[in-house]
**Student:** 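Mind having a look at this structure? Questions to follow.
Quick caveat, the model's predicted, so the values are computed rather than measured.
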Amino acid sequence: MDEAEQCGAVKGLTGFVTHDAMKLHACLSGSHPECPDRIARIVRLFQSEGILRHERLVTVEPRPVKDEEIETVHTADHHSYIDSLAKLRGTELKDEGQKWDSVYFNRHSSAAARMAAGSCVAVTEAVCTGSIRNAIAVVRPPGHHAEEGCCMGFSLYNNVAIAASVARKKFDVPRVLIVDWDVHHGNGTQKMFENDPNVLYISLHRFDDGKYYPQGPAGAPTTVGHGAGEGYSVNVGWSQGKNKIGDAEYLMAFNQVVMPIATEFNPDLVFISAGFDAARGDPLGGCLVTPECYARLTHMLCGLAEGCVIMALEGGYNLTSISTSFAACAKVLLGEAPPPFSEELKRPHKGAMKDIRRTIAAHQAYWSFLTPVADEDNASRASPPIPTLETRVSAMSLTDELSSVDTSRIPAPVELSPSPLTPEPESSLEPMRAATLAATWYARKSPFSGHYRMVPLDAAQVDGVTWLVRYTVIPDTGEVYDRHFTFSCTKNRWRCIAMASWDPTAPPLRDEFDQVKTPVAWSTIGDWIPTSPHVKRGSPQVRRTTAGPATSLVL
């Protein structure tokens with residue numbers, strides 16, 4: 001990686017890619033939900049909202065995908081077949097489309113599909129070489145239903161799977177995470193990696209007991225992968241029908257399933273198969289997710305892989321909701337804080353909690369960071385409605401403000417009793433009390449004791465056992481950073497299950513904690529145990545220790 005490329009990653013540049021060739025793929029029979037206007041409307045909103053003029057946005061040159069790149073996940077016969085469609089016309093193209101499940105073709109379909117997959121590969125190359133930190137790919141046709149030798153579900157090539165495979169094989173990326181929040185299960189992506197322990201696939205989708213497209217058991221919570229990949233296919237399948245699943249349910253699934261598993265997996269690169277058909281108003285999805293929620297989910301995922309996140313469009317068929325949702329996510333990738341929710345969040349639907357518990361039950365044997373979720377009756381008594389933690393300044397303005405502060409004026413560490421922490425019922429803890437206890441525990445158990453100070457700024461209780469806390473983190477080198485931690489406490493057992501930065505210009509988390517690649521979880525109050533650390537090559541091994549009583553909020 002040369003100096004210019006390193007500079008692109010350190011400055012937190014965001015790549016953007018799209019191409020008009022992808023608009024040429026259109027249904028010969030007239031109107032169709034998967035239409036060219038999907039990407040046209042997104043780009044127009046990006047322009048009107050100033051996203052395309054953002055100082056951190058750089059355009060990545062799109063290109064068609066190469067045969068050898070396609071063949072990392074598809075057969076040679078598959079791309080030969082799709083290329084042959086360019087020679088057909090009219091009725092012949094309609095007849096070919098009818099041979100597949102929910103697919104149409106025109107004479108431009110091959111060129112559009114190649115450009116979509118190639119554009120995803122192009123931004124992946126830019127991230128892997130360090131030219132950019134993260135990327136936005138506004139592409140179509142979508143890809144996550146396409147299998148090795150099969151078109152289906154509007155998908156011709158599996159764009160994200162091709163890009164992920166190129167990252168693994170060309171750039172030797174050790175661990176890749178794919179989070180697919182399209183309302184339809186990504187059967188193609190899952191199948192391509194179901195035997196691979198180096199690619200973790202997590203899908204949140206409508207399942208409806210196997211009756212929702214693409215139908216069948218592939219998207220069931222009990223489907224966990226095969227062979228060496230057992231445990232690396234994770235499915236949160238909603239079975240509650242229409243208009244039951246929205247922000248509270250997706251946030252709960254992320255806090256209880258997605259982030260704990262993703263944190264333990266500790267990816268080096270994250271792909272988001274960003275279908276927005278679970279958005280409120282989508283004609284096919286029947287869900288109620290808002291742009292504000294999609295922005296929160298994006299922000300959580302940006303705490304992984306040092307912020308190396310690639311977001312590629314999948315489904316989404318309401319032109320307004322797909323545009324506003326994608327724009328909200330793009331702003332987060334550019335370093336802005338997620339916007340506040342426009343309405344108060346309600347308690348998650350009881351049926352959705354059952355769906356989440358099914359996934360946890362299927363994966364507890366594979367992932368130590370997962371903890372059981374209480375049943376509906378206990379949850380309804382113990383868990384208040386999910387509140388919001390509003391940060392009303394942008395990431396950059398917050399960083400500028402903190403950077404100008406004389407560190408001597410930061411509030412002094414809170415002095416604590418030398419006696420052990422007194423157990424308290426988790427659900428009764430006030431958020432700032434939880435923030436103090438969590439930071440105290442962290443200070444006692446962290447291997448970096450004495451090198452950091454954490455000052456709680458604000459906190460919110462996410463559910464009965466989980467708190468989201470924003471701290472000012474002050475290293476002994478004098479810098480000031482703003483960090484989000486997600487802590488959980490069950491039966492007085494604290495864990496740090498996620499950590500994220502609001503500041504894309506801050507040093508990568510790996511550089512701040514140079515013994516263990518963060519985020520990493522710790523288990524009990526009594527002992528510090530690295531549950532699943534990925535120790536950097538050449539770094540000292542982290543030792544299991546029994547710390548003495550805490551005296552301050554000092555790391």
Side-chain angles (χ1 to χ4, degrees), residues 33-34 99-103 142-155 158 160-161 178-195 199-227 229-246 249-250 252-254 256-258 261 273 275-279 282-289 314-317 348-367 370 373 375-376:
E34 206 293 283
K99 294 179 180 179
W100 304 99
D101 179 1
S102 303
V103 172
H144 70 150
H145 292 305
E147 298 183 356
E148 183 183 28
C150 172
C151 303
M152 65 177 292
F154 312 158
S155 304
N158 197 314
V160 166
I178 302 173
V179 175
D180 187 341
W181 66 45
D182 190 284
V183 79
H184 303 94
H185 179 245
N187 56 288
T189 309
Q190 177 175 286
K191 193 169 184 178
M192 288 168 172
F193 298 112
E194 63 185 356
N195 295 292
V199 179
L200 171 62
Y201 176 73
I202 304 179
S203 177
L204 302 93
H205 54 271
R206 272 187 66 181
F207 181 58
D208 293 0
D209 298 318
K211 298 175 184 177
Y212 195 74
Y213 191 88
Q215 288 99 23
T222 53
T223 300
V224 298
H226 298 290
E230 189 173 328
Y232 293 88
S233 295
V234 182
N235 290 294
V236 179
W238 308 118
S239 291
Q240 309 311 313
K242 293 181 65 174
N243 301 323
K244 301 287 179 60
I245 304 299
E249 291 73 26
Y250 272 76
M252 182 64 75
F254 257 65
Q256 298 295 339
V257 178
V258 178
I261 291 177
S273 278
F276 295 104
D277 38 8
D282 189 89
L284 302 184
C287 292
L288 304 169
V289 182
E314 294 285 359
Y317 308 102
H349 188 274
K350 288 186 177 181
M353 295 304 298
K354 285 184 178 180
D355 297 332
I356 291 171
R357 284 199 299 277
R358 290 188 187 106
T359 302
I360 292 174
H363 282 274
Q364 276 190 290
Y366 309 108
W367 302 101
L370 286 176
V373 179
D375 62 38
E376 298 98 320

**Student:** Nearest heavy-atom pair of Gly285 and Arg206: which atoms, and what distance?
**Tutor:** O-NH1, 2.9 Å
**Student:** Does the side chain to side chain contact (heavy atoms under 4.5 Å, CB included) test come out yes or no for Tyr366 and Val234, once each step is laid out?
**Tutor:** CA-CA 11 Å; Tyr366 309 108; Val234 182; over 6 Å; no
**Student:** From Gln215 CD over to Phe207 CZ, what is the distance, rounded to the nearest 0.5 angstrom?
**Tutor:** 10.5 Å
**Student:** Could you tell me whether the side chain of Glu249 and the main chain of Gly246 form a donor-acceptor pair under 3.5 Å?
**Tutor:** yes
**Student:** Shortest non-hydrogen contact from His205 to Asp182?
**Tutor:** CB-O, 3.8 Å
**Student:** If you define the side chain from C-beta out and look only at heavy atoms, does anything of Tyr250 sit under 4.5 Å from Ile245?
**Tutor:** yes
**Student:** Nearest heavy-atom pair of Pro33 and Phe154: which atoms, and what distance?
**Tutor:** CG-CZ, 4.3 Å
**Student:** Locate the shortest heavy-atom distance separating His185 from Ser203; write the atom from each residue and the value.
**Tutor:** CD2-OG, 3.6 Å
**Student:** Of all the heavy-atom pairs spanning Gln240 and His349, show the shortest one and how long it is.
**Tutor:** OE1-CE1, 3.7 Å
**Student:** Output the distance between atom OG (Ser233) and atom CZ (Phe193), rounded to the nearest 0.5 Å.
**Tutor:** 10.5 Å
**Student:** Find the distance between CZ (Phe254) and CD1 (Ile261) and round it off to the nearest 0.5 Å.
**Tutor:** 11.5 Å
**Student:** How long is the straight-line distance from NE2 of His184 back to OH of Tyr212, given to the nearest 0.5 Å?
**Tutor:** 3.5 Å
**Student:** For the side-chain contact (heavy atoms from CB on, under 4.5 Å) test, which of Thr223, Leu204, Asp355, Val257 pairs with Asn235?
**Tutor:** Thr223
**Student:** Under the side chain to side chain contact (heavy atoms under 4.5 Å, CB included) rule, what do Phe276 and Asp282 come out as? Steps first, then yes or no, please.
**Tutor:** CA-CA 8 Å; Phe276 295 104; Asp282 189 89; over 6 Å; no
**Student:** Contact between His363 and Val224 at the side-chain level, heavy atoms closer than 4.5 Å - yes or no?
**Tutor:** yes
**Student:** Answer yes or no: is there a donor N or O on one side and an acceptor on the other, between the side chain of Tyr201 and the main chain of Gly186, under 3.5 Å?
**Tutor:** yes
**Student:** Using modelled atom types and a 3.5 Å cut-off, is there a donor and acceptor pairing between side-chain atoms of Asn187 and backbone atoms of His145?
**Tutor:** yes
**Student:** Is the shortest heavy-atom distance from the side chain of Tyr232 to the side chain of Ile202 under 4.5 Å?
**Tutor:** no
**Student:** Given salt bridge (Lys or Arg N to Asp or Glu O under 4.0 Å), test Lys211 with Asp209 step by step and report yes or no.
**Tutor:** CA-CA 6 Å; Lys211 298 175 184 177; Asp209 298 318; 5.9 Å; no
**Student:** Looking only at heavy atoms, what is the nearest atom pair of Ala146 and Ser155, with distance?
**Tutor:** N-CB, 3.5 Å
**Student:** When rounded to the nearest 0.5 angstrom, what distance separates NZ in Lys244 from SG in Cys287?
**Tutor:** 11.0 Å
**Student:** Evaluate the side-chain proximity of Trp181 to Val258: yes if any heavy-atom separation is below 4.5 Å, no if none is.
**Tutor:** no
**Student:** Go through the steps to decide whether Val183 and Leu284 satisfy the test side chain to side chain contact (heavy atoms under 4.5 Å, CB included), and finish with yes or no.
**Tutor:** CA-CA 9 Å; Val183 79; Leu284 302 184; 5.8 Å; no
**Student:** With side chain to side chain contact (heavy atoms under 4.5 Å, CB included) as the criterion, how do Glu148 and Lys191 come out once you've worked through the C-alpha distance, each side chain's angles and the decisive distance to 0.1 Å?
**Tutor:** CA-CA 8 Å; Glu148 183 183 28; Lys191 193 169 184 178; over 6 Å; no
**Student:** Take Glu314 and Ser273 through the side chain to side chain donor-acceptor pair (under 3.5 Å) test and state the conclusion after the steps.
**Tutor:** CA-CA 6 Å; Glu314 294 285 359; Ser273 278; 3.2 Å; yes
